[in-house]
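Working notes for the structure below.
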Amino acid sequence: MFFVFDIPFRVPDNEWTIALPSGEQQTFPTRHDAVRFAARQASRFTAFDGSRVYLSIEGEDGVWRLFGADLKAPNL
C-alpha cells in the first residue's frame, strides 16, 4: 500500500482532519496533534505490512514537503 497523509498549515475553524485509508476520519484541535497522530499511524502501517506511508505537510511558506513516519525527509 502507498498512502499519503496531507496536513495543511491552516484550516477553517482550526480543526485538522486526518483521513485514514479505511475512510475513517479523525479531527484534531491543533496541527501538532494532527501531525503526531499521522506519524503514529504511518509508523503503524509501515510496521504492520511494510506499506509506504508518508506525511505531506504544508509549511508556513505554502510549500508542501514530504516526510516519513519518523518525520524526516524520505529517501525516495
Under the ring-ring contact (aromatic ring centres under 6.0 Å, His included) test, which residues partner [X], sequence neighbours left out?
X	result
Phe28	Phe37
Phe9	none
Phe5	Phe3

Ignoring hydrogens, what is the shortest heavy-atom contact between [X] and [Y]? Give both atom names and the distance.
X	Y	result
Arg31	Glu58	NH2-O, 2.5 Å
Ala69	Ala39	O-CB, 3.7 Å
Leu66	Pro74	O-CD, 3.3 Å
Ala38	Ile18	CB-CD1, 4.4 Å

- Partners meeting side-chain hydrogen bond (donor to acceptor under 3.5 Å, both in side chains) with Gln25 (sequence neighbours left out):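 With sequence neighbours excluded, Gln25 shows a side-chain hydrogen bond (donor to acceptor under 3.5 Å, both in side chains) to no residue whatsoever.
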
- Message: Run the side-chain hydrogen bond (donor to acceptor under 3.5 Å, both in side chains) test against Asp33 and tell me which residues pass, sequence neighbours left out.
- Response: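 So Asp33 forms a side-chain hydrogen bond (donor to acceptor under 3.5 Å, both in side chains) with Thr30, Arg36.
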
- Scan residues 12-25 for pairs that pass salt bridge (Lys or Arg N to Asp or Glu O under 4.0 Å), counting only residues two or more places apart or in two chains.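 Sorted result for residues 12-25: empty, none.
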
- Task: Any pair with a residue in residues 65-76 that passes salt bridge (Lys or Arg N to Asp or Glu O under 4.0 Å), sequence neighbours left out, goes on the list, sorted by first then second residue, please.
- Result: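 Applying salt bridge (Lys or Arg N to Asp or Glu O under 4.0 Å) to every pair that reaches into residues 65-76, excluding sequence neighbours, yields Asp61-Arg65.
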
- Not counting sequence neighbours, list each pair that qualifies as a ring pair (Phe, Tyr, Trp, His ring centres under 6.0 Å) and has a residue in residues 53-76.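 Pairs touching residues 53-76 that pass the test: Phe2-Tyr54.
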
Show which side-chain atoms of residues 46-53 pair as donor or acceptor with protein atoms under 3.5 Å away, not counting sequence neighbours.
| from | atom 1 | to | atom 2 | distance (Å) |
| --- | --- | --- | --- | --- |
| Thr46 | OG1 | Ala42 | O | 2.8 |
| Thr46 | OG1 | Ser51 | O | 3.3 |
| Asp49 | OD1 | Ser51 | N | 3.1 |
| Asp49 | OD1 | Ser51 | OG | 2.3 |
| Asp49 | OD2 | Ser51 | OG | 3.3 |

- Mind checking whether Leu71 and Val35 have side chains closer than 4.5 Å, heavy atoms only?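 Yes. Closest side-chain heavy atoms under 4.5 Å.
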
- Query: Are any side-chain N or O atoms of Trp16 and backbone N or O atoms of Ile7, one a donor and one an acceptor, separated by less than 3.5 Å?
  - Reply: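 Checking the backbone N and O of Ile7 against the side chain of Trp16, no donor-acceptor pair under 3.5 Å is found.
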
